[in-house]
Amino acid sequence: MPIRVLPPHVATKIAAGEVVERPASVAKELIENAIDAGATDIQIEIRRGGRRLIRVSDNGCGIPRDQAKLAFARHATSKISSEEDLLRVTTLGFRGEALSSIAAVSQVAMLTRVEGETTGILLRLEGGEIVRSDKRGGTPGTVVTVENLFYNTPARLKFLRSEFTETKHTVKLLNAYAMAYPELRFRLTVDGRLSLQTSGSGKVYDVLIKVFGLEMTQQMLEIGSDERTLAADTGQEDSVPASHSSEIRVRGYVGAPSLHRATRDYQFLFVNGRWIRDRSLSYAIREAYRTLLPTGRHPVTVVHIALDPTEVDVNVHPTKRELRFRDPRGVFAAVQRAVRRTIIGQAPVAAMTSQPAAVRAGDWERGTHFRQQVRLNRTQMALEMQRPVDTGMLTTTGAPMREQLPMLRVLGQIKQMYIISEGPEGLYLIDQHAAHERIIFEQLQAEQTAMAVSSQTLLEPLTIELTPRQQGLLGELLEHLKSFGFDIAPFGGNSLLVRAVPAALGPAHIRSMIAELLDVAGEGRNVPVSLEHTLTVIACHSAVRAGQTLTTDEARELVRQLEKTSAPYTCPHGRPTMIHLSSAQLEHSFGRR
Ligand code: ADP
Ligand code: MG
């Protein structure tokens, strides 16, 4: 379709507002234009957080020479032409406003050429006015260069954050688009340095490795490829008229429950290839992880939803990151169900426990005053998945508070995860990881207080690659970590050299631990991270894992050390270290009383 200015009655239907908030919004619009133009190769360059320069080059269809100027007119688009088109948008752009809005607040150059023409055109604009137009050669495709953003609107310039923060937004944007379009090759350079490059293999998994790293990606589970739901088939029959029914497909990858992060930064949501924000769907995903993640921790998720374009209204917000579903409850249920099924169906055993049928939720209690979370068995899980929001968590109020752990006799280990032991008042099931976390936490805390931290020098120093975002947080964190027994120094470029770590920390977990500390710092609330939080993170990464076999002696030693701690019943995250089945409950359950 040629570029045309939308007739006024259509233009007024377009959600009004500013599209250019910051450099990343310019990058977003230009990348979307490249994708809409059918590009397979998209290169992005930013300088000084994008204030100085943003350049997007693509090998898409280009713009015919005689239409190039029109592309910069307000409401000029080749993607829709009528009001009805707004109801079934299949392209990322449709508003015809991006190029004109960007040009109004910057200095723009656009070089474009279509395959069929021998020469293309180079246009230069300043503050929205075309100042030069030349015929130019070049390969088919389009290069848009945006310089000195907001140079003529000082008030808006003032609202930009630091270069680091602005860069972070663009990096995240690129991560998102690379995940949404694994079949396209993306390349991002930041101040001349390569930040992200994807192969265009078509496999989301390959992109995840680039974005999250191999270690994290290996803990991601693919959402079942058969997760197709009819909107009218999601347990919402009463609310969905048959005429609305259409297929909702949910694809992507979600982290196993063992993979969790301190921030929501690792959650991505796409609808028909559009990177969106949606509180309700984020909630659906959180619900799917209910009872499976420690409190305050967030899953890693990349969720793609595909449905008929007539089922979504994308003309809600000028940035097109919010949308409205015709059947929000159907989409909510489809997402929650797909994610939940994936976690339950594929997660390693460690993520779940089954309760013996004879012991009901109310019969379990913990030897503390804390509320206890009883995990669901498979049947309950299956039932739960039928309902979008329900009582996924069974709680009981615990027994009277006790300060000290009684002497326990270790009987053995089950599932390479729990230590079974007997005490004066019945059976105790101890979570080996949580218990060990508590022990290490208190040891480290004592060493800190006494300023006698034990550190171990690594035989082979370890190098760690950082993302640009992590690098910016590093300075203060390095000083902070010294007092915990770390010896870490910048090692040129993006790297860090780790020479020594706290004695409790195993070398295998150094990388993930440092990544987590940087994540916490990146939340911006605590730089440096609080003492207690740092101790918690170190303890968590140092503690024995679920899945590790313990000899009876080792189990005994662990319980003995737990007895010595000041808060043996909870791990530093506040989760229980054990559950207790009293003699009375045993008798009751076996019908002896
Ligand atoms: P919209 O994308 O909403 O149509 P824009 O202002 O972003 O509006 O772009 C205006 C028009 O310019 C587009 O409809 C498209 O025809 C053309 N255009 C913009 N960028 C490109 C590109 N990279 N390749 C080909 N055509 C482009
Ligand atoms: Mg556009």
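None of the values given here were measured: they were computed from a predicted structure. Start at 1 and go down the list; that is how both ligands and their atoms are numbered.
Donor-acceptor pairing under 3.5 Å is lacking for the side chains of Asn33 and Lys28. Arg88 and Thr310 form no side-chain donor-acceptor contact under 3.5 Å, judged by distance and modelled atom types alone. Looking only at atom types and distance, the side chain of Ser162 has a donor-acceptor partner in the side chain of Thr165 under 3.5 Å away. Thr77 and Arg95 share no side-chain donor-acceptor pair at under 3.5 Å. For the residue pair Glu45 and Thr189, no side-chain donor N or O sits within less than 3.5 Å of a side-chain acceptor on the partner.
Excluding waters, the count of protein N/O/S atoms less than 2.8 Å from the Mg ion (ligand 2) comes to 1.
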Quiz prompt | Audit row: Asn148, Arg52, side chain to side chain donor-acceptor pair (under 3.5 Å) steps and yes/no | solution = CA-CA 5 Å; Asn148 304 320; Arg52 173 67 201 90; 3.3 Å; yes

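Sorted by chain then number, the residues whose non-hydrogen atoms approach ligand 1 to under 4.0 Å are Ile3, Asn33, Ala37, Asp58, Gly62, Ile63, Ala71, Ala76, Thr77, Ser78, Lys79, Gly93, Phe94, Arg95, Gly96, Glu97, Ala98, Leu99, Thr142.
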Side chains of residues 180-187: which donor-acceptor pairs under 3.5 Å do they make with residues two or more places apart or in other chains?
| residue | atom | partner | partner atom | Å |
| --- | --- | --- | --- | --- |
| Tyr181 | OH | Gly273 | O | 2.8 |
| Arg185 | NE | Asp41 | OD2 | 3.3 |
| Arg185 | NH2 | Asp41 | OD2 | 2.8 |

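Between Glu166 and Arg51, none of the side-chain N atoms (NZ, or NE/NH1/NH2) sits under 4.0 Å from a carboxylate O, so this pair counts as no salt bridge.
Sorted by first and then second residue, the ring-ring contact (aromatic ring centres under 6.0 Å, His included) pairs with a member in residues 247-267 read Tyr205-Tyr253, Phe212-Tyr266; sequence neighbours excluded.
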